Amino acid sequence: MEGRFSNLQNNLKNSFQVEVEDFSLEKTFNCGQTFRFFEIGGRYYYPYENSLIKTEEINGKTFKFEIYGENLTKEYIFDIFGLNHDIQRINSEIIKIAPQLKDAIKFSNGIRLIRMPPYEATISFIFSIQSQIPVIMSRLNKLAEFGKRVVEVDNAEFYLFPKREDILEMPIVDIKSLKLGFREKFFLNLIKNYTEEDFEKLRNLPYEEKKKFLTSILGVGEKVSECIILFGYGDLSAFPVDTWIEKGLEKIFGVKGTTKKLTEFGRATFGEFSGYAQQYIYYYMRSLMR
DNA sequence: TAACAGGCCACCG
DNA sequence: CGGTGGCCTGTT
């Protein structure tokens, strides 16, 4: 049972503190880029690959990380949470291009674009099609629970994301209980025909190659593919367009068009930091509507 | 209630 | 090609 864990309590593998500016756990987790995290009393528990990451803010710029399950290095944590991104430079570049975004940038300060495992990202964003965040979370959590890869920390059980082989073994009634609706055939097609390795092989290929591969997958269109490229591969030149971005682009830039056109507009306008510009617009637009 | 939500595909013209 | 209708399910 390779890759399967049970009751790994007191299995602390690594613990360290880091100092970073412009980093908010609350905003980074809640800005809609990732779905399977658990906040308990200000601490965040984040299942990641074969590990459970526990993190909390000590003060404004000091953050504590604890790694359970399989070890993850500090360098890897920096990579996952986008802590190497030069936020000041990115923000000033975006303001230079679009001064209208000044308020949105200020409001979004602290968001870091994270990078999640691409296979998990693909499943997550297929589950997310025409769905609200609580529903997406519940589908993904149920799927993870069926996978039975448990890490126990602080007297609580956290389920790691299942491997493809685990999902292949799941009874169809369990899959049905996820209530994926029309997304179910997308999900089943993905599990049946694509492996984690297929997605790993894309890592070092250029944007265009990723885009071509991803959009050839049933259920993965313009928006979902941009999400996978941005949140799964960490390519900051991606620019996912959803209804919020659509509203934002019209309000802020007076631009309208199809999802494809707007994606091209965003990427052409913001270049290598499109992902941050997108996230700022998204976060800001959603806050305005609440 | 009917519309719509982090859309996509099939099918038109 | 570019635009439109249908679709599972849950929420407001």
Side-chain angles (χ1 to χ4, degrees), chain A residues 27-37 104 108 111-116 118 120-143 172-194 210-236 238-252 255-267 270 274-290:
Chain A
K27 286 182 187 169
T28 296
F29 278 112
N30 289 295
C31 71
Q33 58 180 326
T34 191
F35 304 105
R36 292 198 64 243
F37 61 89
S108 308
I111 291 179
R112 296 283 179 153
L113 289 181
I114 58 104
R115 182 181 66 66
M116 53 196 293
E120 177 179 348
T122 303
I123 292 171
S124 299
F125 289 104
I126 283 176
F127 282 18
S128 82
I129 301 172
Q130 280 292 101
S131 305
Q132 296 176 26
I133 291 175
V135 178
I136 304 166
M137 287 175 166
S138 118
R139 288 173 182 152
L140 289 168
N141 287 334
K142 244 184 207 173
L143 179 69
I172 191 68
V173 289
D174 286 355
I175 303 293
K176 289 282 179 196
S177 76
L178 300 175
K179 300 193 177 189
L180 294 173
F182 66 85
R183 306 160 197 82
E184 188 177 286
K185 67 173 184 292
F186 302 157
F187 176 56
L188 292 177
N189 171 71
L190 179 81
I191 296 304
K192 194 176 164 198
N193 297 312
Y194 300 86
K210 292 190 177 80
K211 186 79 176 178
K212 195 173 159 191
F213 172 81
L214 293 171
T215 52
S216 73
I217 300 170
L218 188 69
V220 179
E222 191 63 32
K223 190 268 181 181
V224 171
S225 62
E226 289 295 303
C227 286
I228 299 167
I229 294 172
L230 181 58
F231 305 125
Y233 290 103
D235 182 342
L236 301 182
F239 192 88
V241 173
D242 56 38
T243 58
W244 295 102
I245 296 299
E246 203 178 314
K247 290 182 179 82
L249 291 181
E250 185 178 353
K251 181 183 160 73
I252 301 166
V255 186
K256 286 198 247 184
T258 61
T259 301
K260 192 173 165 60
K261 289 283 182 201
L262 294 177
T263 302
E264 286 163 4
F265 170 81
R267 283 174 46 78
F270 296 106
S274 298
Y276 270 100
Q278 186 271 357
Q279 205 57 31
Y280 295 155
I281 296 169
Y282 175 75
Y283 193 72
Y284 189 58
M285 288 303 294
R286 280 187 68 197
S287 75
L288 290 182
M289 299 294 168
R290 293 190 167 176

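Lettering of chains follows the sequences in order, A, B, ..., and the numbering in each one begins at 1. These numbers were taken from a predicted model, which means no experiment stands behind them.
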Q: Could you check whether Val224(A) gets within reach of a base, just the sugar-phosphate, or nothing at all, counting any heavy atom under 4.0 Å?
A: sugar-phosphate
**Q.** Option among Gln278(A), Arg286(A), Gln279(A) that satisfies the side chain to side chain donor-acceptor pair (under 3.5 Å) test with Tyr282(A)
**A.** Arg286(A)
Q) When the distance from NZ of Lys260(A) to C1' of dG2(C) is rounded to whole Å, what number comes out? A) 11 Å
Q. Nearest-Å distance, CD (Gln278(A)) to P (dG6(B))?
A. 13 Å
Q. Which value, in whole Å, describes the distance between the P atoms of nucleotides dG6(B) and dG6(C)?
A. 22 Å
(Q) Nearest whole Å is fine: how far is dG6(B) P from Arg36(A) CZ? (A) 21 Å
Q) Of the nucleotides dG2(C), dG3(C), dG6(B), which has the atom closest to the Lys261(A) side chain? A) dG2(C)
Q.
Give the dot-bracket line for DNA chain B from 5' end to 3' end: parentheses for intra-strand Watson-Crick or G-U pairs under 3.5 Å, square brackets for crossings, | for inter-strand pairing, dots for unpaired.
A. .||||.|||||||
Q. Given atom CE of Met137(A) and atom C1' of dA5(B), what is their separation to the nearest angstrom?
A. 15 Å
Q. Cationic tip of Lys210(A) within the cone over Tyr233(A)'s six-membered ring, i.e. under 6.0 Å and within 45° of the normal?
A. yes
Q | Step-by-step salt bridge (charged side-chain N to carboxylate O under 4.0 Å, His left out) determination, Glu184(A) to Lys179(A) | A | CA-CA 8 Å; Glu184(A) 188 177 286; Lys179(A) 300 193 177 189; over 6 Å; no
Q: Report which part of the nucleic acid Thr259(A) touches: base, sugar-phosphate, or nothing (heavy-atom distance under 4.0 Å, all strands).
A: nothing
Q | Gap between atoms CG and P, on Leu188(A) and dC8(B) respectively (whole Å) | A | 18 Å
**Q.** Euclidean distance, atom CG of residue Leu190(A) to atom P of dC8(B) [Å, nearest integer]
**A.** 14 Å
(Q) Categorize Ile217(A) for me: base, sugar-phosphate, or nothing, with a 4.0 angstrom heavy-atom threshold over every strand shown. (A) sugar-phosphate
Q.
In this structure, how many angstroms lie between the P atom of dG7(B) and the CG atom of Leu218(A), rounded?
A. 17 Å
Q.
Categorize Glu184(A) for me: base, sugar-phosphate, or nothing, with a 4.0 angstrom heavy-atom threshold over every strand shown.
A. nothing
Q: Spell out protein contact along nucleotides 6-12 of chain C as letters: B when the base is contacted, S when just the sugar-phosphate is, - when no protein heavy atom is under 4.0 Å; keep the 5' to 3' order.
A: --BSSS-
Q.
Name the residue from Phe182(A), Phe127(A), Phe125(A), Tyr194(A) that meets the ring pair (Phe, Tyr, Trp, His ring centres under 6.0 Å) definition with Phe187(A).
A. Phe127(A)
Q: Looking at every strand, decide which applies to Glu226(A) at a 4.0 Å heavy-atom threshold: base, sugar-phosphate, or nothing.
A: nothing
Q: For Ile129(A) and dG6(B), give me the distance from atom CD1 to atom P, rounded to whole Å.
A: 13 Å
